[in-house]
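So the structure is just underneath, and the comments pick up after that.
All chains are named by letter (A, B, ...) in the order of the sequence lines, taking the proteins before the strands, and each is independently numbered beginning at 1.
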Amino acid sequence: MLEDDDAPPELVDVSTLPVEQDAVEEPAQSRVPITIVTGYLGAGKTTLLNYILTEKHGKKIAVIMNEFGDSTDIEKPLTVNQDGQEVTEWMEVGNGCICCSVKDTGVMALESLMGRRGTFDYILLETTGLADPGNIAPIFWMDESLGSSIYLDGIVTLVDAKNISKLLDEPSPEETVHDDHDDHRHDSPTLSMAHMQISHADVIILNKADLVSETELEAVRDRISAINGVARVHVTDHSKTPQIEGVVLDLHAYDAVDFDITKGHSHIDPAISTISITHAPISSSQVPAVDAWLRSVLWECTLPNSPQDKPPRFDIHRLKGLLVVPDGPDKIIQAVREIFEIREAQASSESRECKIVLIGRGLGEAEVWQRSFDECLQASLE
Amino acid sequence: MAEVATRKCIGVDCEKDAGSLQCPTCLKMGTDSFFCSQDCFKRSWSEHKAIHKTKSNILSNLFPPKVVSEPDPATGLYNPFPTFQYTGSLRPVYPLSTRRPVPKTIPHPDYAKDGIPRSEQKYFGRNNIKILNKEEQEGMRKVCRLAREVLDIAAREAKPGVTTDYIDEVVHKACLERDSYPSPLNYMHFPKSVCTSVNETICHGIPDQRPLEDGDIINIDVTLYHNGFHGDINETYYVGDNAKANPDAVRVVETSRECLDKSIELVKPGMLFRDPGNVIEKHAKSRNCSVVKSYCGHGINQLFHTDPNIPHYGKNKAVGTAKPGMCFTIEPMINLGTHRDRTWPDDWTSTTADGALSAQFEHTLLVTEDGVEVLTARLPDSPGGPIPMPVATQN
């Protein structure tokens with residue numbers, strides 16, 4: 001790019017550049033939340049992002065309207081809104097060494113851009129219509145000790161109230177999710193990318209509500225809650241969200257847990273469901289047993305202590321949990337696909353029972369999961 | 001946060017002290033230009049921007065300049081990135097020697113031709129780590145033994161006055177003599193047959209014309225591709241007696257060696273790939289050293305780099321469990337100062353962000369039915385090896 005000869009650029013405060021921080025112990029630094037926005041073509045993603053970019057919210061928000069993880073481009077556009085003004089920045093995504101590097105080049109490009117041009121209040125990443133958010137979320141859900149200047153805030157999925165049922169039931173071939181590891185699944189229900197986008201969502205914006213009747217809207221709402229019973233659902237038309245913060249931004253979906261599970265209708269969707277299991281408070285010595293149970297379920301796709309009626313094959317897309325531990329700090333569990341962590345809850349929970357919510361494919365009956373979990377914890381006491 | 005020394009503002013007719021505000025264009029070009037304020041910068045802009053012109057042209061923002069400094073007329077040697085803000089005293093000494101050929105009779109990996117490891121970029125499905133059968137395990141055993149031999153040959157040459165390019169030549173020849181392709185050559189366009197990482201270099205140093213000095217430490221990272229398998233190994237060596245007499249050098253080298261040894265003790269079926277990092281970080285901290293986070297251990301077999309990813313830092317979310325027949329490396333990089341790294345404009349050489357020393361050790365490991373086989377284990381006559389920690393730092 002040519003530099004602008006007419007106006008001087010903003011000076012850079014080098015004392016805030018990440019590379020200049022050099023203590024062995026990490027200094028605390030403010031981190032910028034990134035929200036992943038998914039949804040089919042026509043669901044209203046661009047309208048929503050334009051709405052956010054033009055609304056006067058007093059925040060500096062960067063929007064990346066492009067797919068990440070595509071290594072063919074060396075520069076990616078990024079639109080920044082501040083005080084109602086839009087500026088396009090270009091991120092240089094180098095094609096540096098990928099071998100044994102832990103950070104995605106896109107993450108490094110964002111970090112370096114913020115280092116040069118100053119930080120943002122929020123970053124929004126728009127994915128292409130057919131992107132699987134379960135593949136994108138891990139890129140940004142980085143280990144805290146990597147000290148990245150960005151963190152994953154959550155996933156927002158836009159759903160077109162008028163078309164979603166058709167997309168779920170009759171996906172076109174390119175909208176169908178193909179299994180990578182087994183072919184003997186001809187009998188299982190078809191899985192569409194729309195399923196993936198709903199099952200991974202922390203917030204679902206049910207858009208174009210004005211185009212359907214009350215009854216149709218309720219049916220769609222039930223269907224969505226049956227797939228993902230923990231995502232917050234907001235009904236809108238023309239992608240107009242009443243407020244941005246807490247709805248699209250500041251979700252804290254990966255560093256806190258809140259679940260009000262929408263009850264009932266668990267068999268409405270044939271492919272994906274949400275189930276929850278509960279348990280009395282546990283002792284801190286039982287936390288490793290929970291860890292082992294999660295490893296089996298998430299890494300090996302095996303339900304431990306296999307009861308005879310266990311689900312034959314399952315995939316978990318998203319899992320959240322709260323462990324109430326009277327003799328230690330409470331713990332929260334977060335997982336997307338096979339990646340999970342158990343970490344200390346920031347505040348002691350008001351809840352007096354442990355709870356784990358799972359969203360995934362082929363989960364079957366909740367009782368089977370409950371029994372398996374109970375038995376693992378029981379065994380840890382013996 | 002880093003200390004910022006007192007500097008004068010370079011704004012026109014400005015006598016004030018400058019803080020930490022820098023012109024972004026100069027920063028990008030690697031030149032220092034500090035201002036006291038945005039206003040002063042604005043006032044000086046028309047004059048200041050002329051500096052950019054003298055140092056760059058339109059293309060320099062797009063492509064890093066290939067050659068900007070004048071070669072030394074006597075030797076022809078030069079620093080290819082004279083404006084880069086190096087973090088320590090080490091400089092690249094170019095020109096690099098021309099690419100060393102590998103005879104067609106030796107099987108090449110797929111990237112040898114165009115630099116792109118396509119076979120590694122295939123998607124293998126989630127959490128799908130290759131289990132090697134007996135024959136494949138034998139292939140790994142063979143190539144790892146050869147890699148050890150080549151590393152030992154190279155290490156015997158690491159003496160004051162010897163250039164890293166000469167070590168590259170030695171490694172290259174030793175690989176060919178063993179009917180092996182030197183795996184680093186043209187991997188993602190890496191220009192040489194071995195990585196040589198001196199002093200503050202963390203890893204991926206490119207062999208060049210700099211002679212080793214008494215007091216240096218050097219990591220030599222060798223990988224061979226033989227009969228369809230890659231074997232990967234590295235060690236850090238003291239160059240001359242001055243290095244061994246430097247308590248800090250000994251502390252970082254020996255700590256790194258011990259971190260690898262301690263993490264290998266964990267390896268057996270059932271080990272979680274997230275666990276070595278906890279052990280490595282704990283030990284490094286006990287020696288007041290830090291662990292590099294940007295680079296991980298990796299699966300290795302018919303592919304140079306594949307799943308699993310094994311971070312060397314603690315509290316990581318790495319997925320997966322070791323099972324018999326899996327092959328992977330553990331290769332902790334340990335620094336005296338900050339764990340942060342900065343890459344040279346050659347896009348390879350990774351150095352510590354504060355210029356302090358860094359050391360690394362690596363083995364290729366095979367998980368057996370009841371433990372681990374260190375495929376690249378030292379031989380009775382292998383050069384290098386542990387030396388006593390200096391007494392002063394043991395307190």
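We find that Glu281(B) and Lys315(B) are not joined by a salt bridge, their nearest charged nitrogen and carboxylate oxygen being 4.0 Å or further apart.
Each of Arg318(A), His195(A), Arg337(A) was compared with His200(A) under the side chain to side chain donor-acceptor pair (under 3.5 Å) criterion, and only Arg337(A) meets it.
In this structure, Arg31(A) fails the cation-pi test against Phe140(A), since its NZ or CZ atom is not both closer than 6.0 Å to the six-membered ring centre and inside 45 degrees of the ring normal.
Residue contact with chain B, scored on non-hydrogen atoms closer than 4.5 Å, involves the side chain of Arg295(A) exclusively. Of the atoms belonging to Leu272(B), it is side-chain heavy atoms, and not backbone ones, that fall under 4.5 Å from chain A. Residue Ser37(B) touches chain A through its backbone alone, counting heavy-atom pairs closer than 4.5 Å. Only the backbone of Ala318(B) comes within contact range of chain A, with at least one heavy atom under 4.5 Å from a heavy atom of that chain.
Judged purely by distance below 3.5 Å, without hydrogens or angles, the side chains of Glu331(B) and His312(B) never pair a donor atom with an acceptor atom.
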